[in-house]
Enquirer: 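Here it is, the structure, as structure tokens.
None of these values were measured; they are calculated from a predicted model.
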Number of protein chains: 2
Amino acid sequence: MTVSHTPTETENQVASRLAGQPIDFNSMAVVSNLFRAANAVRNHLERTVLAQHNLSWTAFVVLWVAWVWQESETRCVAEESGISKATLTGVLKTLEKLGFTTRRRSEKDGRLVIVGLTAEGNALMQRLIPEFNKHESELAAVIPTGQRDEMADHLRAVTTFALASDQ
Amino acid sequence: MTVSHTPTETENQVASRLAGQPIDFNSMAVVSNLFRAANAVRNHLERTVLAQHNLSWTAFVVLWVAWVWQESETRCVAEESGISKATLTGVLKTLEKLGFTTRRRSEKDGRLVIVGLTAEGNALMQRLIPEFNKHESELAAVIPTGQRDEMADHLRAVTTFALASDQ
DNA sequence: GAGAGATTGTTTGGATACGAACAAAAAGTA
DNA sequence: TACTTTTTGTTCGTATCCAAACAATCTCTC
């Protein structure tokens with residue numbers, strides 16, 4: 001059993017530790033809950049859906065991006081997966097070893113590498129996407145129907161702002 | 001310059017690739033944007049605020065939890081930081097080497113280890129928290145004032161559900 | 001076309017990140 | 001008291017993850 005503090009206990013303790021200081025608790029709650037949620041959902045999906053296929057979260061995201069476009073340059077895959085080029089190199093090494101992705105040099109530009117999906121990769125995604133989506137539905141179900149689009153919009157806006165701040 | 005697809009382009013491509021299948025696009029948008037946002041915000045804050053102090057995101061979260069409670073058992077710190085016990089051991093090793101945290105055995109229970117903050121750790125957080133909160137305000141500002149609490153509530157609900165699903 | 005500059009994927013080094021196995025200590029049981 | 005069982009933090013092995021350094025390739029300029 002858990003001995004940890006409840007979220008409410010923690011927030012009260014934070015408020016008391018920061019009493020008197022000009023802190024924007026409202027924004028703090030939004031950001032910290034953003035990470036709590038992302039973390040909890042990620043761990044949940046990794047354990048329930050991904051683990052049985054020997055896939056890490058990032059590996060699945062990369063696989064997802066590759067599936068969406070079928071053929072894509074590594075720089076695009078890295079950016080759309082939200083990871084660095086260096087990380088992608090390692091993840092692709094793993095996915096290639098598992099037999100899900102392929103890599104080949106571009107004929108037009110010798111610097112570029114094109115990422116593709118194998119037949120096994122496509123078959124895996126065909127099974128994985130509906131299963132994954134079922135869990136997404138369960139998770140989003142805790143948000144009132146009419147507010148899900150709004151939620152997605154706000155998250156998109158936050159993403160855009162954060163990315164723009166990095167130039 | 002970016003050659004990548006825009007988020008809208010990607011979502012259109014996904015819709016076309018999944019045409020005909022019974023997919024809950026609404027929930028998919030919520031979940032995928034949750035991760036995009038968390039990822040973008042994390043990278044942004046790591047680069048703008050944390051990097052100059054040699055702190056990783058996780059190290060900051062652990063430091064934050066330790067600061068909130070001043071003295072806390074490792075199992076609590078791990079759970080509230082959203083990381084495993086094994087990961088915490090490594091992060092605490094780093095933070096201890098940087099001189100920000102301390103570790104000592106509990107007298108009452110020889111299995112437990114109590115995490116504490118050094119004077120340097122407290123001083124660092126005293127400077128870091130307001131700076132961090134300023135960025136949180138900027139990020140949350142893209143969400144209409146009246147909807148921030150709602151947003152935090154929804155994220156809390158998602159977290160609760162995801163954690164509950166893991167028993 | 002020759003050299004400077006920019007772009008791309010990989011390698012390197014160090015810090016996360018997890019599950020599983022482990023040793024130490026506490027709690028439960030007889 | 002002896003034993004089993006449970007709990008806790010660490011270690012181990014493996015897979016991410018990033019910035020910085022790097023080599024290969026392309027582009028630009030003259």
Enquirer: Base, sugar-phosphate, or nothing: which does B:I83 touch, judged by heavy atoms less than 4.0 Å apart?
Expert: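 It contacts sugar-phosphate atoms only.
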Enquirer: Could you give the NZ-to-P distance, from B:K85 to C:dA20, as a whole number of Å?
Expert: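 Going from NZ in B:K85 over to P in C:dA20 covers 12 Å.
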Enquirer: Give one of base, sugar-phosphate or nothing for B:G110, where a contact means two heavy atoms less than 4.0 Å apart.
Expert: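 Sugar-phosphate, no base atom in range.
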Enquirer: Closest to the A:V113 side chain: D:dC18, C:dG19, C:dG9?
Expert: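 Looking only at side-chain atoms, A:V113 lies closest to C:dG9.
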Enquirer: In whole angstrom, what separates A:E46's CD from D:dT16's C1'?
Expert: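 Distance, rounded to whole Å: 10 Å.
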Enquirer: Considering only side-chain heavy atoms of B:T89, which listed nucleotide, C:dA6, D:dT11, C:dA26, is closest?
Expert: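 For B:T89, the side-chain atoms sit closest to D:dT11.
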Enquirer: Would you mind reporting whether A:L55 and A:L95 have side-chain heavy atoms less than 4.5 Å apart?
Expert: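 Counting from C-beta outward, A:L95 and A:L55 do come under 4.5 Å.
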Enquirer: Check the phosphate of C:dT16 against B:S56, side-chain N and O only, distance under 4.0 Å to OP1 or OP2. Yes or no?
Expert: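 So the side-chain polar atoms of B:S56 do come within 4.0 Å of the phosphate oxygens OP1 or OP2 of C:dT16, strictly under.
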Enquirer: Using atom CD of A:E79 as one end and atom C1' of D:dC18 as the other, report the distance to the nearest whole Å.
Expert: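 Atom-to-atom, A:E79 to D:dC18, this comes out as 16 Å.
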Enquirer: Is B:R105 close enough to D:dG9 that one of its side-chain N or O atoms is under 4.0 Å from OP1 or OP2 there?
Expert: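 No, B:R105 has no side-chain N/O under 4.0 Å of OP1/OP2 on D:dG9.
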Enquirer: Go through the side-chain N and O atoms of A:W69 and A:E80 and say whether any donor and acceptor fall under 3.5 Å apart.
Expert: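 There is such a pair between these side chains.
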Enquirer: Just how far, in rounded Å, is C1' of C:dT16 from CG of B:L63?
Expert: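 It works out to 16 Å between those atoms.
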Enquirer: Which nucleotide in the set D:dT10, C:dA15, C:dT16 lies at the smallest distance from any side-chain heavy atom of B:K97?
Expert: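 Of all the options, the side chain of B:K97 is nearest to C:dA15.
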Enquirer: Quickly work out the A:L50 CG to D:dA15 C1' distance and round it to whole Å.
Expert: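 The answer, rounded to whole Å, is 14 Å.
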Enquirer: For a quick test of reading the model: is some side-chain N or O of B:T87 closer than 4.0 Å to OP1 or OP2 of C:dC18?
Expert: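 Yes, B:T87 has a side-chain N/O under 4.0 Å of OP1/OP2 on C:dC18.
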Enquirer: Of A:S106 and B:L88, whose nearest nucleotide on DNA chain D comes first from the 5' end?
Expert: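 It is B:L88, whose closest nucleotide lies nearer the 5' terminus.
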Enquirer: Using OP1 and OP2 only, check whether a side-chain N or O of B:T94 sits under 4.0 Å from C:dT16.
Expert: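 Answer yes for this pair, as a side-chain N or O of B:T94 is under 4.0 Å from OP1 or OP2.
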Enquirer: Evaluate the side-chain proximity of A:L112 to A:T74: yes if any heavy-atom separation is below 4.5 Å, no if none is.
Expert: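 In short, these two side chains do not touch, never coming nearer than 4.5 Å.
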Enquirer: Can you check the B:L112 CG to D:dT7 C1' distance for me, whole Å?
Expert: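 Computing the B:L112:CG to D:dT7:C1' distance gives 9 Å.
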Enquirer: Assuming nearest nucleotide by heavy-atom distance, tell me which of A:K108 and A:G82 is located more 5' along DNA chain D.
Expert: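 On the 5' side of the pair lies A:G82.
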Enquirer: Report the distance from atom CG of A:L92 to atom P of C:dT11, rounded to the nearest whole Å.
Expert: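 Roughly 12 Å, once rounded to whole Å.
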Enquirer: Decide yes or no on side-chain hydrogen bond (donor to acceptor under 3.5 Å, both in side chains) for A:N12 and A:E9, but give the supporting numbers first.
Expert: CA-CA 5 Å; A:N12 287 339; A:E9 272 182 326; over 6 Å; no
Enquirer: Does a donor on one side chain sit under 3.5 Å from an acceptor on the other, for A:Q13 and A:H5?
Expert: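 No - no donor-acceptor pair under 3.5 Å links their side chains.
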Enquirer: Give the rounded distance in Å between these two atoms: CG of B:N54 and P of C:dT16.
Expert: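 Atom CG in B:N54 sits about 10 Å away from atom P in C:dT16.
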Enquirer: Less than 4.0 angstrom between a side-chain N/O of A:K93 and OP1 or OP2 of C:dT11, yes or no?
Expert: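 For C:dT11, OP1 or OP2 has a side-chain N or O of A:K93 closer than 4.0 Å.
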Enquirer: Ignoring backbone atoms, test whether A:R103 places a side-chain nitrogen or oxygen under 4.0 Å from the OP1 or OP2 oxygen of C:dT10.
Expert: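 For C:dT10, OP1 or OP2 has a side-chain N or O of A:R103 closer than 4.0 Å.
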Enquirer: Can you tell me which nucleotide in D:dT16, C:dG19, D:dT7 comes closest to the side chain of B:R111?
Expert: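 When the side chain of B:R111 is considered, D:dT7 is the closest of D:dT16, C:dG19, D:dT7.
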Enquirer: Side chains of B:Q70 and B:N122: any donor to acceptor distance under 3.5 Å?
Expert: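 Yes, a side-chain donor-acceptor pair sits under 3.5 Å.
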Enquirer: What's the closest nucleotide to the side chain of B:A86 if the choices are D:dT25, C:dT10, C:dC18?
Expert: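 Nucleotide nearest to B:A86's side chain: C:dC18.
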